[in-house]
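All values below come from the heavy atoms of this structure, side chains included, with hydrogens, waters and symmetry mates left out. In what follows, chains carry the letters A, B, and so on, assigned in the order in which the sequence lines appear, proteins first and then strands, with residues in each chain numbered from 1.
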Number of protein chains: 2
Amino acid sequence: MKLTSKGRYAVMALVDLARFDNINPVSLRDISLRQGISLDYLEQIFSKLKKNHIVKSIRGNQGGYVLSKNPTDIKLTNIFHAVDEKVKTVQCKKDSKKGCNGKATKCITHNLWDELENHINSFFEKKSLEDLIQNRKENRL
Amino acid sequence: MKLTSKGRYAVMALVDLARFDNINPVSLRDISLRQGISLDYLEQIFSKLKKNHIVKSIRGNQGGYVLSKNPTDIKLTNIFHAVDEKVKTVQCKKDSKKGCNGKATKCITHNLWDELENHINSFFEKKSLEDLIQNRKENRL
DNA sequence: TCTAAACTTGACCGTTTTAGTCAGGTATGA
DNA sequence: TCATACCTGACTAAAACGGTCAAGTTTAGA
């Protein structure tokens, strides 16, 4: 049970972006250098973040990315959803005969996995980008 | 972020085992049939559970496995630990120069991942095998 | 004593996912 | 007009996953 680097990088990059986007758009190149993430990989990630309306892009020279919402309104769950970082605790397929088919004959531990999924997702729904920036500031003082 | 089938199967098998081990040891063959898990794979899993003192084996004809502790004393965290189902949210290596090396220059989101790990692990530490059996009984009534 | 049931161990392997790289673009401010 | 930066899609090496297969050892019961 582990977090993928896509999800981790997305959050890191957005925290970085949030710190610098007051004045100018931030280029992926800068984020790449500061965070040590490959530029090509960042482009993949930001393409998804853009599709999900978390960031906006400004093309051309001196271009870059800016947040498209207030950091308070960007929850972890939005970010993870954008980059396909899903929480999957069950693998019960609808057409399986053995075990759980999602209907009548639930596998004996099905409730447990549902609980676990909710437990994790509640964490993601609570945390906003703003929380992370604040947290960082506190640690810096 | 997903649960591996090893962890999932381990819990399913142990719940099954807990239900039947009052009288006789339970053979993996029976569990395999009831839960739809490959016998060979179950053997790998139970080998690990045995090494971690969660079950005991009785060899020979009419043999099988029994729990080596009271279901109340077997927490999910014990089971997952036994089958190497770890919760990994960070991949910060000690010798990395960029990003987080675990010491002075923590990556900017390090605290977040620690929080997440604790959040998930607290769930595993609370739940015992006994809880799952009870839960099952309630659903049956 | 023999045999079948059940545990034991370890090697092996196809598939999928991960974590990127690479190679081309297109848009635009200076 | 050109350097900068976004944009897109194909490609891939390596690791993890989810098992299978083979060859045992041990022991209860006939």
Checklist outcome for this item: To the nearest angstrom, the CD1-P distance between A:Ile37 and C:dG20 comes to 9 Å
Checklist entry - Given atom CD1 of B:Ile45 and atom C1' of C:dC7, what is their separation to the nearest angstrom? => result 15 Å
Checklist entry - Rounded to whole angstrom units, what separation is found between the CG atom of B:Asp84 and the P atom of D:dG18? => result 13 Å
Checklist entry - Heavy atoms under 4.0 Å, any strand shown: does A:Val55 hit a base, just sugar-phosphate, or nothing? => result nothing
Item to check | Most 5' of B:Glu43 and A:Ser47 on DNA chain D, judged by nearest nucleotide | outcome: A:Ser47
Checklist outcome for this item: By nearest-heavy-atom nucleotide on DNA chain C, the more 5' of A:Lys6 and A:Asn61 is A:Lys6
Checklist entry - Between OG1 of A:Thr109 and CG of B:Leu14, what distance do you get to the nearest 0.5 Å? => result 11.0 Å
Checklist entry - Are any of A:Ser5's side-chain N or O atoms less than 4.0 Å away from OP1 or OP2 of C:dT18? => result no
Item to check | Side chain A:Arg59 and base C:dT26 donor-acceptor under 3.5 Å | outcome: yes
Checklist entry - For the side chain of B:Glu130 and the backbone of B:Pro71, is there at least one donor-acceptor N/O pair under 3.5 Å apart? => result no
Checklist entry - Looking for any heavy atom pair under 4.0 Å, which part of the strands does B:Lys56 touch: base, sugar-phosphate only, or nothing? => result nothing
Checklist entry - Do B:Leu76 and B:Leu67 share a hydrophobic cluster (ILVMFWY, side-chain heavy atoms under 4.5 Å, transitive)? => result yes
Checklist entry - Could you give the CG-to-P distance, from B:Leu42 to C:dT9, as a whole number of Å? => result 16 Å
Checklist entry - Which listed nucleotide (D:dA5, D:dA16, C:dT8) is nearest to the side chain of A:Arg29? => result D:dA5
Next on the checklist: When you measure from the side-chain N and O atoms of A:Tyr9 to the phosphate of C:dG20, is any distance below 4.0 Å, counting only OP1 and OP2?
Outcome noted: yes
Checklist outcome for this item: note: A:Lys50, atom NZ; D:dC6, atom P; distance rounded to Å ~ 10 Å
Next on the checklist: Rounded to whole Å, how long is the line connecting atom CZ of B:Phe46 with atom C1' of C:dC7?
Outcome noted: 12 Å
Checklist entry - Separation of A:Ile58 atom CD1 from D:dT4 atom C1', in whole Å? => result 14 Å
Checklist entry - Would B:Phe123 end up clustered with B:Leu3 when hydrophobic side chains under 4.5 Å apart are linked, directly or stepwise? => result yes
Checklist entry - So, is B:Ser38 near the phosphate of D:dT20, with a side-chain N or O under 4.0 Å from OP1 or OP2? => result yes
Checklist entry - Between B:Asp84 and B:Lys48, is there a salt bridge with N-O shorter than 4.0 Å? => result yes
Item to check | D:dT20 base / B:Gln44 side chain donor-acceptor hit below 3.5 Å | outcome: yes
Item to check | Position toward the 5' end of DNA chain C (nearest nucleotide), A:Leu3 or A:Asp40 | outcome: A:Leu3
Checklist entry - Hey, does the side chain of B:Tyr41 come within less than 4.0 Å of D:dC21's phosphate (OP1/OP2), counting only N and O? => result no
Checklist entry - Which part of the nucleic acid does B:Tyr65 contact within heavy-atom distance under 4.0 Å: base, sugar-phosphate only, or nothing? => result sugar-phosphate
Checklist entry - Could you state the CG-C1' distance from B:Leu39 to D:dG18, rounded to the nearest angstrom? => result 15 Å
Next on the checklist: Nearest to the side chain of A:Leu28, heavy atoms from C-beta on, is which of D:dC7, D:dG29, D:dC6?
Outcome noted: D:dC6
Item to check | A:Arg8 NZ/CZ over A:Phe80 ring centroid, <6.0 Å and within 45° of normal | outcome: no
